[in-house]
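Presented below is the structure to which this report refers.
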Amino acid sequence: DYKFWKTQPVPNFDEKIDEEGVIEQKSVDQISKEPLPLRPEFEWADLDLNKDEDRAEVYKLLYENYVEDVDSSFRFKYSTDFLDWALKPPGYKKEWHVGVRVKDSGRLVGFIAGTPADLRVRANSVHAVEINFICVHKKLRSKRLAPILIKEVTRRVNLTGIFQALYTAGVVLPSPVSVCRYSHRPLNWSKLHDVGFSYLPPDVTKTQMIAKYTLRNEGKVKNLRRVKLEDFDQVSKLFLKYQDRYDLVQDFTPDEIKHWLFGNLEIEDSKKVVHTFVVEDEEGKITDFFSFYLLPFTVLNNAQHDEVGIAYLFYYASDVAFEANADSNGALKKRLTDLINDALIIAKRLNVDVFNALTCQDNNLFIQDLKFGAGDGLLNYYLFNYRAKFISGGLDDEKKI
Ligand code: YNC
Ligand code: MG
């Protein structure tokens with residue numbers, strides 16, 4: 001019955017949205033300067049993710065307690081490098097890395113994070129944050145700590161004059177602005193089968209499944225290479241132009257593009273979190289790029305394997321999209337299929353076991369041809385304190401949601 005969410009400025013499930021915009025107008029002087037009260041056994045933690053100890057505590061809390069699949073076979077394994085990338089983008093504030101400790105033991109038992117993320121919702125700019133990584137220790141679940149974490153991060157964000165947010169969750173809350181489905185492309189089918197991620201369909205042999213998912217060694221796209229800092233201007237321009245195709249996007253600044261797409265160019269390739277590749281034609285023009293990030297699962301209770309390597313398709317762009325009739329004559333579909341085919345080959349070489357993509361962006365143009373299979377997980381997108389009409393996330397059964 002959404003006791004907490006009913007009190008928040010979010011649209012009801014049955015609400016008919018005629019006009020898009022802010023739900024509740026607020027100003028900074030209405031916001032309390034005091035942290036929310038906690039039960040006496042807890043206290044707020046001032047985390048500083050630049051400190052190794054603090055970062056290690058967040059790592060451990062998430063490693064042991066963060067998102068699992070429905071049967072508790074897998075849990076997201078965010079590395080400390082990943083947390084650095086995800087939690088410290090340009091303009092990050094350590095006050096928005098909110099922790100809760102048990103007073104007696106000092107143990108970190110709760111976390112939620114806000115990061116700067118201005119948005120564009122259709123034609124409208126929305127000054128906003130993204131909220132992610134809410135986590136409550138398993139032993140303290142269902143004690144209404146989550147609403148307190150949410151209200152506290154909201155207060156801290158509001159104090160800086162930001163009153164809108166984007167967040168995603170597997171759970172259904174009032175009310176999604178968009179819904180996508182995960183799809184999975186096995187790269188190492190036998191391992192996925194061993195850990196119970198992939199199933200052997202009836203009347204098919206393991207050998208046939210392995211053959212089905214075997215990739216050719218050779219890529220399809222000529223002049224594909226890793227991104228370099230010198231590519232920044234061209235990549236930015238292409239990226240921003242391509243993002244104009246979509247109705248709900250983060251409105252990136254140049255620094256943010258550098259952070260999210262270029263990542264840490266200093267470290268060796270095998271240690272990178274985000275991997276970006278560009279196509280440079282003979283004249284030195286960047287015509288396409290794609291990126292993916294690596295976020296493994298911890299495998300729970302399996303004698304053979306303790307980790308599954310997972311790549312998530314991230315941003316991409318192709319100037320084919322801007323050719324006349326590229327969509328209707330299938331040119332974009334062909335180009336993206338070739339590009340992502342090569343992303344699969346590269347990911348496989350990085351020991352990735354499965355490559356994930358959502359149904360959003362232009363992904364429906366290639367997920368079938370490239371043998372991605374529909375997962376059972378949905379990802380719901382939410383806007384806080386902002387009303388917007390539903391935006392397609394590429395599901396074919398969207399009407400039923
Ligand atoms: C969730 N994922 O419905 P009602 S995704 C939001 N996002 O409230 P309690 C959630 N709300 O229904 P527990 C939620 N999950 O009564 C549950 N809720 O209105 C709601 N899991 O609280 C739920 N991470 O403390 C209910 O539940 C209320 O102890 C119940 O804690 C929940 O990061 C949780 O899946 C998720 O660690 C912390 O189960 C816990 O179960 C856990 O009794 C494993 O809470 C990790 C996990 C979720 C990842 C994510 C996005 C978070 C978005 C939060 C909302 C942000 C709003 C925008 C802020 C605005 C800032 C500005 C401006
Ligand atoms: Mg709780």
Side-chain angles (χ1 to χ4, degrees), residues 1-13 22-28 30-32 36 38-39 41-42 58-70 72 74-78 83 86-87 93 95-100 102 108-119 126-177 179-180 182 295 297-298 300 377-387:
D1 52 347
Y2 301 109
K3 252 197 184 68
F4 165 66
W5 278 108
K6 264 189 213 156
T7 68
Q8 298 300 298
V10 291
N12 301 323
F13 286 116
V22 169
I23 295 174
E24 210 174 79
Q25 288 292 347
K26 278 198 178 175
S27 60
V28 175
Q30 296 170 280
I31 308 302
S32 165
L36 259 83
L38 280 170
R39 298 225 313 251
E41 61 268 39
F42 301 122
V58 172
Y59 171 83
K60 184 168 186 281
L61 176 71
L62 298 178
Y63 178 75
E64 294 172 350
N65 301 280
Y66 201 51
V67 179
E68 297 175 7
D69 70 316
V70 277
S72 294
F74 311 104
R75 189 182 302 132
F76 279 115
K77 184 179 179 180
Y78 284 89
L83 293 175
L87 293 174
K93 290 196 166 34
E95 295 72 29
W96 298 351
H97 301 150
V98 182
V100 169
V102 173
L108 188 71
V109 292
F111 185 68
I112 190 166
T115 45
D118 284 348
L119 309 173
V126 181
H127 192 31
V129 293
E130 180 174 352
I131 303 294
N132 202 352
F133 297 106
I134 188 169
C135 187
V136 167
H137 193 285
K138 285 182 180 238
K139 294 219 167 113
L140 295 172
R141 295 279 167 86
S142 306
K143 294 179 189 298
R144 314 301 296 183
L145 208 49
I148 295 177
L149 282 165
I150 293 168
K151 284 191 271 187
E152 179 61 10
V153 77
T154 302
R155 185 189 70 84
R156 295 185 190 193
V157 170
N158 287 170
L159 281 176
T160 69
I162 299 176
F163 299 92
Q164 274 69 41
L166 171 80
Y167 50 106
T168 62
V171 294
V172 176
L173 306 165
S175 296
V177 65
V179 184
C180 300
Y182 276 108
L295 170 55
F297 269 165
T298 301
L300 307 167
L378 294 175
L379 188 65
N380 299 286
Y381 287 72
Y382 301 98
L383 295 171
F384 185 85
N385 198 13
Y386 197 87
R387 220 178 246 118

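Both ligands and their constituent atoms are indexed starting at 1 by order of listing.
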### Query
By side-chain contact (heavy atoms from CB on, under 4.5 Å), which residues pair with S32, not counting sequence neighbours?
E34, R155

### Pair E24 + R387, salt bridge at N-O below 4.0 Å
no

### Query
Is the shortest distance from a Lys or Arg side-chain nitrogen in E95 or R156 to a carboxylate oxygen in the other one below 4.0 Å?
no

### Message
Give the residues near ligand 1 by chain and number, with the criterion being a heavy-atom distance under 4.0 Å.
### Response
Y2, K3, F4, W5, N65, Y66, V67, I131, N132, F133, I134, C135, V136, R141, S142, K143, R144, L145, A146, P147, I150, T154, V157, N158, I162, F163, Q164, A165, Y167, T168, A169, V171, L173, F384

### Check: T154 and F384 side chains under 4.5 Å, non-hydrogen atoms
yes

### Task
Measure up the H97 and F111 rings against each other and bin them: parallel (under 30°), tilted (30 to 60°), perpendicular (over 60°).
tilted

### Message
Rounded at 0.5 Å granularity, tell me how far CD1 in I150 sits from CG in L36.
### Response
11.5 Å

